[in-house]
Amino acid sequence: MKIGEFSHRSGISVRMLRYYEQEGLLQPNRRESGYRDYGEAEEQLVRRIRMLSTAGLKLDTIKQLLPCVLSDRPDFRL
DNA sequence: CTTCTTACA
DNA sequence: TGTAAGGA
């Protein structure tokens, strides 16, 4: 789906969606048109990013601990 | 009209 | 984070 619909369903502004990508938190595929293409992967990932963000964590911090929160089951094998 | 990027408030 | 500009 395009960024507009994804923004609506995720509740995150288009601005922030592009910013998240800029920060390396999201890597949506690009279409030949150059448009970002969002799917299931981004769907779940954004939910976790949103939770951590709501928890008061800075984007920078979220970026760092994303690897241990990527799975649906917390991965504490650090 | 929607999206893209860069840049400014 | 929002909005403006210029182009596709």
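All values derive from a computational prediction rather than experimental measurement. Order of the sequence lines sets the chain letters (A, B, ...), proteins ahead of strands, with each chain counted from 1.
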Practice item. List in numerical order all residues of residues 12-20 of chain A for which some heavy atom is under 4.0 Å away from an atom belonging to DNA chain C. Key: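 Of all residues in residues 12-20 of chain A, the ones placing a heavy atom under 4.0 Å from DNA chain C are A/S13, A/R15, A/M16.
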Check your understanding: For DNA chain C, what residues of residues 23-33 of chain A have any heavy atom nearer than 4.0 Å?
Key ->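 Contacting residues: none.
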Exercise for review: Starting at CD of A/Q22, measure out to CZ of A/R15 and round the result to the nearest 0.5 Å.
Suggested key: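 Those atoms lie 7.5 Å apart.
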Review point. Given the rule that I, L, V, M, F, W and Y join up when any side-chain heavy atoms are under 4.5 Å apart, are A/M51 and A/L65 in one cluster?
Key: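 A/M51 does not cluster with A/L65.
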Is there a donor-acceptor pair closer than 3.5 Å between any side-chain N or O of [X] and the backbone N or O of [Y]?
{"X": "A/E23", "Y": "A/Y20", "answer": "no"}
{"X": "A/D37", "Y": "A/R30", "answer": "no"}
{"X": "A/S10", "Y": "A/F6", "answer": "yes"}

Whole Å only: how far is the [atom1] atom of [X] from the [atom2] atom of [N]?
{"X": "A/D37", "N": "B/dT3", "atom1": "CG", "atom2": "P", "result": "12 Å"}
{"X": "A/Q22", "N": "C/dT1", "atom1": "CD", "atom2": "C1'", "result": "13 Å"}
{"X": "A/R50", "N": "C/dT1", "atom1": "CZ", "atom2": "C1'", "result": "18 Å"}
{"X": "A/M1", "N": "B/dT3", "atom1": "CE", "atom2": "P", "result": "12 Å"}
{"X": "A/I3", "N": "B/dT3", "atom1": "CD1", "atom2": "P", "result": "7 Å"}

Review point. Below 4.5 Å, heavy atoms only, C-beta onward: do A/L52 and A/T61 meet side chain to side chain?
Key: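 SC-SC contact between A/L52 and A/T61 ruled out.
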Check your understanding: How about A/E21 and A/E42: do any of their side-chain heavy atoms sit closer than 4.5 Å?
Key ->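 Sidechains of A/E42 and A/E21: no contact.
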Review point. Given A/Y38, which of A/N29, A/L26, A/V46 fulfils the side-chain contact (heavy atoms from CB on, under 4.5 Å) condition?
Key: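 With A/Y38 as partner, side-chain contact (heavy atoms from CB on, under 4.5 Å) holds for just one option, A/L26.
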Practice item. Just name whichever nucleotide pairs with B/dC1, Watson-Crick or G-U, keeping both distances under 3.5 Å, else none. Key: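 Base-paired to nothing in any strand shown.
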